[in-house]
Amino acid sequence: MERQIDLNEISDGRLYGLSDMVRADCGGCAGCSACCSGMGRSVVLDPLDMHRLAEGTGVGAETLLTENLELNVVDGIVLPNLKMTGVGERCTFLDQNGRCTVHSFRPGICRIFPLGRLYENGSFQYFLQVRECRKTNRAKIRVKKWIDMPEAEKYDAYISRWHYFLKELSRIVREDTEGILSRNLSMYVLKEFYLTPYDRNGDFYAQIEKRIGKAEAVFGISHS
């Protein structure tokens, strides 16, 4: 999701890499689930998010889209996001006590919060959102440990690859004055990247790269 932001207004003014220490540790978020409510459609999922949720919950992507997720247009492309429902617009994965039932395999945007990502020059860095988290006594923690993803370097490389791939698709959508290609493109993305299962015994990153490469060929996108 592309947003124009002023880092000086929303962050501590610093950019972070995986090895940096950042004041993001919320101490288990004891007694708080504020960031799991009222988020609208902002928690957009990438294909790894969908894959992990499907594997972790034991249900298919189609069922998740019916019960826990919804589809929304993001920069011209239809993508899934977490659904907020009921009083307080709560995430459907919260239990009655406000605890996350998918915490160990929660989506990437949830994993990095209160960090955000600043994309530039073909890559990205993390920044600390100073006004989003209600916990004011956060402790310092290494970014890699906070995100808590296996093969963190591979994960970051994938996130960057996916972002810039979507950016190229968005460019195609903007240039499609008739709208026909845009509809076909969104259907392609949903089917190929979200609904078609990945081999749980294989390397996800190799599989997603193969699918991205195929899509780039289909839509005439060059990748250097």
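Below, all heavy atoms of this structure are taken into account, side chains as well, without hydrogens, waters or symmetry copies.
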So [Y] and [X], do their side chains get closer than 4.5 Å, heavy atoms only?
{"X": "Ser11", "Y": "Leu128", "answer": "no"}
{"X": "Val189", "Y": "Leu79", "answer": "yes"}
{"X": "Phe93", "Y": "Leu53", "answer": "yes"}
{"X": "Leu115", "Y": "Val22", "answer": "yes"}
{"X": "Ser37", "Y": "Arg90", "answer": "yes"}
{"X": "Glu168", "Y": "Glu216", "answer": "no"}
{"X": "Tyr16", "Y": "Arg14", "answer": "yes"}
{"X": "Met149", "Y": "Arg52", "answer": "yes"}

Verify same cluster id: [X], [Y] (apolar side-chain graph, 4.5 Å):
{"X": "Val73", "Y": "Val43", "answer": "yes"}
{"X": "Leu190", "Y": "Val218", "answer": "yes"}
{"X": "Met187", "Y": "Leu181", "answer": "no"}
{"X": "Phe113", "Y": "Phe127", "answer": "no"}

Handout entry: Ser123 versus Ser160, closest heavy-atom pair with distance
Key =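 Closest pair (atom of Ser123, atom of Ser160, distance): CA-OG, 3.5 Å.
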Practice task
Carefully, step by step, assess Glu67 and Lys83 under the rule salt bridge (charged side-chain N to carboxylate O under 4.0 Å, His left out).
Solution key: CA-CA 8 Å; Glu67 300 179 355; Lys83 183 189 297 183; over 6 Å; no
Which value, rounded to the nearest 0.5 Å, describes the distance between [X] atom [atom1] and [Y] atom [atom2]?
{"X": "Asn68", "Y": "Thr57", "atom1": "CG", "atom2": "OG1", "value": "7.5 Å"}
{"X": "Phe105", "Y": "Leu48", "atom1": "CZ", "atom2": "CG", "value": "12.5 Å"}
{"X": "Tyr188", "Y": "Leu169", "atom1": "OH", "atom2": "CG", "value": "9.5 Å"}
{"X": "Cys91", "Y": "Met84", "atom1": "SG", "atom2": "CE", "value": "5.0 Å"}
{"X": "Leu45", "Y": "Asn72", "atom1": "CG", "atom2": "CG", "value": "11.5 Å"}
{"X": "Leu82", "Y": "Asp49", "atom1": "CG", "atom2": "CG", "value": "8.0 Å"}

Practice task
Go through the side-chain N and O atoms of Asp20 and Tyr126 and say whether any donor and acceptor fall under 3.5 Å apart.
Solution key: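 No, no side-chain donor-acceptor contact under 3.5 Å.
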Problem - Between Gln207 and Asp199, a side-chain donor and acceptor under 3.5 Å - result: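 Checked: Gln207/Asp199 side chains show no N/O donor-acceptor pair below 3.5 Å.
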Problem - Centroid-centroid under 6.0 Å between Tyr155 and Tyr205 rings - result: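 Not close enough - the centres of the two rings lie 6.0 Å or further apart.
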Exercise for the section: Would you mind checking if Asp148 and Arg111 are paired as a salt bridge, meaning a charged N to carboxylate O distance below 4.0 Å? Expected result: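 Salt bridge between Arg111 and Asp148, a charged N being under 4.0 Å from a carboxylate O: yes.
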Practice task
Look only at the side chain of Asp176 and the backbone of Ser182, and say whether a donor-acceptor pair between them is shorter than 3.5 Å.
Solution key: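 Yes, Asp176 side chain to Ser182 backbone: donor-acceptor pair under 3.5 Å.
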Exercise for the section: Classify the angle between the aromatic ring planes of Phe124 and Tyr119 as parallel (below 30°), tilted (30 to 60°) or perpendicular (above 60°). Expected result: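 Rings of Phe124 and Tyr119: tilted, as their planes differ by 30° to 60°.
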Practice task
Compute both the distance and the angle, then confirm whether Arg211 meets the cation-pi test with Tyr198: under 6.0 Å from the six-membered ring centre, within 45 degrees of the axis.
Solution key: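 Pair Arg211/Tyr198 counts as cation-pi.
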